[in-house]
There are 2 protein chains.
Amino acid sequence: MPLDLILNNLEKHIHLTREEQELFTAYLQPKKIKRKQFLLTYGEVCKYSAFVTAGCLRGYTVDKSGIEHVLSFAPADWWIADMYSLISQKPGIQNIEALEDTDVLLLSKANQEKLYTQIPKFEHFFRILTENSLVASQQRLIDSLSLTAEERYNNFCKRYPTLIDHLPQKQIASYIGVTPEFFSRMKSVMVRKK
Amino acid sequence: MPLDLILNNLEKHIHLTREEQELFTAYLQPKKIKRKQFLLTYGEVCKYSAFVTAGCLRGYTVDKSGIEHVLSFAPADWWIADMYSLISQKPGIQNIEALEDTDVLLLSKANQEKLYTQIPKFEHFFRILTENSLVASQQRLIDSLSLTAEERYNNFCKRYPTLIDHLPQKQIASYIGVTPEFFSRMKSVMVRKK
DNA sequence: CCAATTTCTTAACCTACATCAAGTGCCGCC
DNA sequence: GGCGGCACTTGATGTAGGTTAAGAAATTGG
């Protein structure tokens, strides 16, 4: 059941009473997104944090020469949002798209802020969630500055083991920051090496 | 006075009473770091968040071919730490070094956690601080994936206007992710263009 | 104020990855 | 069940930025 998944996710960092759980779940809004549909598009203000209960989303930006850069994948049990836009409430820079039919639970920014005051444990939870994202983001920056495409691919495989053979490889190429052409070549070289 | 600087920094997001201010400042530990001395070195566990009151620090990693990558500069009124190590309490991956004689106020992880329970506003403050770092880190990742060295340099100038003519240019080169040689060439080309 | 070190510049050559182009395989869909 | 389009491959060629080296300029510490 989807609500169990999100309650277990919270349980990793905070413990809620029955009533608190009920207050929380009342704030959630389930939504289904079909493959290739968008949860959020460039220029829109991000009003929700999304928790994925089934399927998979990707968040990406498009640069001025039209190239897409995948910033994150969100399979089941992950949170996703355009943090820049969610925080500033300015027009966002990400597209968030379903890679397959996907179910999410939406928590609006307004409700999230109510939770902070009604149940301070949520401030704690989201602080930790944000800290972990920050560490991941910094690590990815370090990787992009100091590793080769091949090493970044190996890191991707560790970080998203469930996604490797599940995802069009152009999406993986975009995540590790190379063209699909180069990624294809690289993979065939890696096979030959073994 | 240094304490005013940090209290004003907090004031950007939370309001403290006189007593809360006193409780907080009692937790702080002033420290002086001479130019080229380290606040933290690779492999050490990070036990403090540091707030700079004068001077300037840099946080950087060294990759396996010995190249340094500057992750952040911290001039006066900025916070710095090896977040990965501070959070996990595992051996860190950053060196934090003084670029000139620098004064910091240290807040230990233990004290920081006491603040979270004694004055929940601090959980709020550090959540926001972490959110802003996350957004900056994501933006820098996007920049490194989609901009040229020249565009990244322009962004650097916007982000750290006070540092541009204040900092050895090899440090800037390292921050934007190019060699000092290339950076030098790039600058002379930029001048000629104008 | 000088010597030592560090920083900056310039130049020739090199490499990881991009771009463009053409072809193959395959999956979904009327 | 055929076909339109997308994902993947492979090859030829282009380029941003790296490497090595060597000299000039600037800082720094004594």
Side-chain angles (χ1 to χ4, degrees), chain A residues 34-37 56 58 60 62-70 73 97-101 141 143-156 163-193, chain B residues 33-37 55-56 58 60 62-70 73 95 97-102 141 143-156 163-193:
Chain A
K34 286 226 160 295
R35 186 177 137 84
K36 299 200 177 178
Q37 299 291 101
C56 185
R58 71 190 255 252
Y60 67 95
V62 181
D63 70 25
K64 62 178 188 304
S65 28
I67 297 167
E68 296 180 1
H69 302 277
V70 172
F73 296 109
E97 181 200 19
L99 290 167
E100 52 193 274
D101 293 359
L141 179 65
D143 289 358
S144 90
L145 292 169
S146 60
L147 301 183
T148 63
E150 200 172 319
E151 293 167 317
R152 274 177 274 140
Y153 174 57
N154 289 330
N155 282 5
F156 166 85
L163 294 183
I164 306 164
D165 33 33
H166 188 87
L167 222 56
Q169 77 184 37
K170 60 181 284 201
Q171 300 299 345
I172 302 177
S174 168
Y175 181 89
I176 68 173
V178 296
T179 57
E181 293 91 338
F182 183 78
F183 185 68
S184 169
R185 249 183 287 248
M186 192 186 86
K187 269 189 45 175
S188 78
V189 171
M190 287 174 76
V191 169
R192 251 170 279 154
K193 263 199 277 193
Chain B
I33 308 154
K34 286 226 156 298
R35 185 177 138 82
K36 300 200 178 180
Q37 299 291 98
C56 186
R58 70 190 255 251
Y60 67 95
V62 181
D63 70 24
K64 63 179 187 302
S65 29
I67 297 167
E68 295 180 0
H69 301 276
V70 173
F73 295 109
N95 296 291
E97 181 201 17
L99 290 168
E100 52 194 273
D101 293 359
T102 298
L141 179 65
D143 289 358
S144 89
L145 293 169
S146 60
L147 301 183
T148 63
E150 200 172 319
E151 293 167 317
R152 274 177 274 140
Y153 174 57
N154 290 329
N155 282 4
F156 167 84
L163 295 184
I164 305 162
D165 32 33
H166 190 88
L167 221 57
Q169 74 185 38
K170 60 180 286 204
Q171 301 299 345
I172 302 177
S174 168
Y175 182 90
I176 69 175
V178 295
T179 58
E181 293 88 341
F182 182 78
F183 185 68
S184 171
R185 237 183 313 175
M186 191 186 85
K187 268 190 48 173
S188 78
V189 170
M190 286 173 75
V191 169
R192 251 170 279 156
K193 265 200 275 193

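Hydrogens, waters and symmetry mates play no part in the numbers below; they use all other heavy atoms, side chains included.
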key: Under-4.0 Å salt bridge between B/Asp101 and B/Arg35   = no

query = So which one's nearest nucleotide on DNA chain D is more toward 5', B/Ser65 or B/Arg35?
reply = B/Ser65

remark   = Comparing B/Pro180 with B/Lys36, nearest DNA chain C nucleotide closer to 5' gives the residue B/Lys36

query = Given side chains that start at C-beta, do those of A/Pro180 and A/Gln169 come closer than 4.5 Å, heavy atoms only?
reply = no

message = As a test of reading the structure: which of D/dT10, C/dC17, D/dC8 is closest to the side chain of A/Pro168, going by heavy atoms?
response = D/dC8

ask   = In whole angstrom, what separates A/Lys170's NZ from D/dG5's C1'?
value = 12 Å

inquiry  = Whether B/Glu68 and B/Arg58 form a salt bridge (side-chain N of Lys/Arg under 4.0 Å from carboxylate O of Asp/Glu) is what I want to check.
reply    = yes

query = Just how far, in rounded Å, is P of D/dT9 from CZ of A/Phe182?
reply = 14 Å

message = What's the separation between atom CE in A/Met186 and atom CD in A/Glu150, rounded to the nearest 0.5 Å?
response = 6.0 Å

B/Thr179 side-chain proximity, nearest of D/dT19, C/dT10, C/dC20 = D/dT19

task = Determine whether any donor atom in the side chain of A/Arg185 lies under 3.5 Å from an acceptor atom in the base of D/dG11, or the reverse, and answer yes or no.
result = yes

Set out, line by line, the N/O atom pairs under 3.5 Å between protein and nucleotides 22-29 of chain C.
none

key: Residue pair B/Lys187 / B/Ile172, side-chain heavy-atom distance below 4.5 Å   = no

ask   = Which is it for B/Glu100 and B/Lys36 under the salt bridge (charged side-chain N to carboxylate O under 4.0 Å, His left out) test, yes or no, and what are the steps along the way?
value = CA-CA 7 Å; B/Glu100 52 194 273; B/Lys36 300 200 178 180; over 6 Å; no

message = Could you tell me how far apart B/Glu100 (CD) and C/dT7 (P) are, to the nearest whole angstrom?
response = 14 Å

key: Nearest to side-chain heavy atoms of A/Glu181, which nucleotide of C/dT6, D/dT10, C/dT9   = D/dT10

key: Interatomic distance, B/Leu145 CG vs C/dA18 P [rounded to whole Å]   = 11 Å

task = Taking only the side-chain nitrogens and oxygens of A/Ser184, find out if one of them lies under 4.0 Å from OP1 or OP2 of D/dC8.
result = no

inquiry  = Can you tell me if A/Arg152 touches the phosphate of C/dC17, counting only side-chain N or O atoms and a distance under 4.0 Å to OP1 or OP2?
reply    = yes

ask   = Is B/Lys170 salt-bridged to B/Glu181, going by a charged N under 4.0 Å from an acidic O?
value = no

query = Looking at A/Gln169, does any N or O in its side chain come under 4.0 Å of the phosphate oxygens OP1/OP2 on D/dT9?
reply = yes

Value in whole Å for how far the C1' atom of C/dT9 lies from CE of B/Met190 = 17 Å

ask   = What is the distance from NZ of A/Lys187 to C1' of D/dA7, rounded to the nearest Å?
value = 12 Å

key: Minimum side-chain heavy-atom gap A/Tyr175-A/Leu167 below 4.5 Å   = no

query = In degrees, rounded to 10°, what is the bend between the two ends of the helix from C/dC1-D/dG30 to C/dC30-D/dG1, using five pairs at each?
reply = 60°

Row check, B/Phe182 ring normal vs B/Arg185 NZ/CZ: under 6.0 Å, within 45° = no

remark   = Rounded to whole Å, CD of B/Gln171 lies from P of C/dT6 at a distance of 13 Å

ask   = With no hydrogens and no angle check, do the side chains of A/Gln171 and A/Ser174 hold a donor and an acceptor under 3.5 Å apart?
value = no

inquiry  = Using whole Å, what does the distance between atom C1' of nucleotide D/dA16 and atom CD of B/Glu150 come to?
reply    = 12 Å

